[in-house]
Amino acid sequence: MTKQKYILTLFNQNSLKLQIIYDTIGTKEGIYRKTFKLKGADSKMYAIQMKNYGDVDVLVDAQVPLPELKPKQVLIKQRAVAIDPYDVGLRAGIKGREKEPPLIAGSSAAGEIVKLGSKVTEFQLGQRVAASPHLRTYAEYVAVGQSQLALIPQNVTYQQAAACALGVQTAYQIVYDSLKLVESDRVLIHGGAGSVGFAAIQFVRQHKVADIYTTASGLGADFLRNFDNQLHVIDYRREDFSKSVPKMDKIIDTVGGESLKKSLSVLKKDGNLISTVSDNTDPRVKFFFLKSNGKKLEAVLKQVATGNFYVKIAETAPFNVINLRKFHQAKHVVGKLILNFEEKNDMF
């Protein structure tokens, strides 16, 4: 039995050097084991950092160290990242300023596994995965815990997976884990043209409830009417929903503020309201914050693969600071905005 070692050194255009070390053991029957390790010589990657809180000018190009893996994490080579309202709010400072800049925002990852932590047991090198870690995804590489990872089905694109990672996973957990729907329910979903709202509409429909009402405006309202003519779509700019809808069994609030207060006036005494943006002292109200879960996200992506869930992507563009700033400033977009990591930058 002989053991051989081969070292292959690769560079990308950002001068990131990686060594892939192959260990092979040969016998008279041939090679029966092969492993490889990824080593960062320069240990730098391209990322877009927030140098402070504020307008889009705080987003800047940066060369930063490659993530150091914890034992149960994998390293993902990013292929696509979505623009999520949470990250826009974080950059603007309206989600709190507890984290010290500079920092890397971004809450969706979709790519392939290029390195495994020492205690990762559920995933393999080269697998296509998606996740919603808390920040750090506006970068070429991101370290993610295996419990947050979802395998991407073969017929689902990286762009679709990134679009689902945060908002759609949030809606799935609300509808399937928290809302406790029955077929006789009337449901009101605020912000129906947004990421969470549109996903919630689709998941609530799967429960065959009595009626679904939703609020939207302009192009968003038109889109929803065309998507499902059974939806009761209320253009909130022209109509006060609290004066036009019947009493509701369940309400999903993605808007907050005055919308939440008015929602309580149309919620049945034994009804439930789940809000993704604010809390309330009313016992019928529950504040929801996503606990990222790979199995839940994988269930979502399986629905995309089978055609049971529709992902609307509004626009895609290459991952760079100009496009990220542009997408952070976009208003009233129907569908997800996605940045793609160019394949010409790949090292594999």
Side-chain angles (χ1 to χ4, degrees), residues 80-87 106-110 122 128-134 137 144-153 155-183 185 187-209 212-214 216 224 227-228 231 249-255 272-277 285-313 334-338:
V81 63
I83 308 305
D84 289 297
Y86 175 83
D87 296 298
S107 298
S108 59
E122 300 178 22
R128 302 169 72 240
V129 292
S132 179
H134 185 54
T137 68
V144 180
Q146 66 176 354
S147 65
Q148 296 180 312
L149 293 173
L151 289 174
I152 302 175
N155 62 336
V156 175
T157 67
Y158 287 119
Q159 292 74 25
Q160 289 173 313
C164 290
L166 178 56
V168 179
Q169 184 186 172
T170 297
Y172 182 89
Q173 291 190 26
I174 289 173
V175 174
Y176 275 90
D177 298 340
S178 300
L179 214 52
K180 312 301 181 188
L181 293 169
V182 296
E183 290 189 359
D185 278 342
V187 182
L188 170 62
I189 300 169
H190 287 297
S195 177
V196 176
F198 181 49
I201 288 171
Q202 296 187 66
F203 293 137
V204 170
R205 286 199 316 174
Q206 294 172 4
H207 287 75
K208 298 180 170 39
V209 299
I212 303 175
Y213 291 75
T214 188
L224 291 172
F227 177 75
D228 183 352
L231 278 175
D249 299 284
K250 310 285 169 57
I251 298 176
I252 299 174
D253 170 45
T254 67
V255 179
N272 300 107
L273 185 153
I274 295 179
S275 177
T276 62
V277 288
V285 176
K286 177 182 177 181
F287 176 67
F288 181 90
F289 188 82
L290 176 71
K291 293 181 180 178
S292 186
N293 183 297
K295 299 300 182 186
K296 305 292 185 183
L297 179 56
E298 200 162 294
V300 169
L301 297 179
K302 287 178 180 177
Q303 287 203 24
V304 177
T306 57
N308 292 323
F309 185 88
Y310 172 62
V311 179
K312 179 167 177 57
I313 295 176
V334 181
K336 294 299 290 186
L337 299 170
I338 306 291

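A search for side chain to side chain donor-acceptor pair (under 3.5 Å) contacts involving Q173 returns Q169, not counting sequence neighbours. Evaluation of the side-chain contact (heavy atoms from CB on, under 4.5 Å) rule for T157 yields Q159, Q160 as partners, not counting sequence neighbours. Scored by the side chain to side chain donor-acceptor pair (under 3.5 Å) test, E122 finds no partners at all (sequence neighbours excluded). Here V334 pairs with L219, F223, K312 under the side-chain contact (heavy atoms from CB on, under 4.5 Å) rule; sequence neighbours left out. Residues passing the salt bridge (Lys or Arg N to Asp or Glu O under 4.0 Å) test with D84 are K336, sequence neighbours excluded. Remark: F288 pairs with no residue by the ring pair (Phe, Tyr, Trp, His ring centres under 6.0 Å) rule, at least two apart or across chains. Partners of F309 by ring pair (Phe, Tyr, Trp, His ring centres under 6.0 Å), not counting sequence neighbours, listed by chain and number: F203. Remark: Y310 engages no residue in a side chain to side chain donor-acceptor pair (under 3.5 Å) (not counting sequence neighbours). The side chain to side chain donor-acceptor pair (under 3.5 Å) search around T170 returns none, not counting sequence neighbours. D249 pairs by the side-chain contact (heavy atoms from CB on, under 4.5 Å) definition with D185, R186, K268, not counting sequence neighbours. For H134, the side-chain contact (heavy atoms from CB on, under 4.5 Å) partners are Y86, K99, not counting sequence neighbours.
Two residues are said to be in side-chain contact when any heavy atoms from C-beta on lie closer than 4.5 Å; V129 and L151 meet this criterion. Side-chain contact between V311 and C164 is present, with heavy atoms from C-beta onward closer than 4.5 Å. The shortest side-chain heavy-atom distance between V175 and H207 falls under the 4.5 Å cut-off. At a threshold of 4.5 Å between non-hydrogen side-chain atoms, the residues T137 and V144 do not count as touching. The shortest side-chain heavy-atom distance between L297 and Y172 does not fall under the 4.5 Å cut-off.
Q202 and Q303 share no side-chain donor-acceptor pair at under 3.5 Å.
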Handout entry: Intermediate values then yes/no, side chain to side chain contact (heavy atoms under 4.5 Å, CB included), D253 and V285
Key = CA-CA 10 Å; D253 170 45; V285 176; over 6 Å; no
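Without hydrogens or angle criteria, S132 side chain to S107 main chain gives a donor-acceptor distance under 3.5 Å. Remark: the backbone N or O of I212 is not paired with any side-chain donor or acceptor of R205 at under 3.5 angstrom. A donor-acceptor distance shorter than 3.5 angstrom exists from the side chain of T214 to the backbone of I189, with no hydrogens or angles considered.
Scanning both residues, L224 and A193, for their nearest heavy atoms gives CD1-N, 3.8 Å. Across all their heavy atoms, A161 and L301 have their closest contact at CA-CD2, 3.9 Å. The two residues S195 and G167 make their nearest non-hydrogen contact at OG-CA, 3.5 Å. Of all heavy-atom pairs spanning I252 and A200, the tightest one is CD1-CB, 3.9 Å. Across every non-hydrogen atom of G191 and T254, the tightest pair is CA-OG1, 3.7 Å. Closest of all the heavy-atom pairs between N155 and A305 is ND2-O, 2.9 Å.
Each side-chain hydrogen bond (donor to acceptor under 3.5 Å, both in side chains) pair with one or both residues in residues 290-299, not counting sequence neighbours, appears once here: D177-K296.
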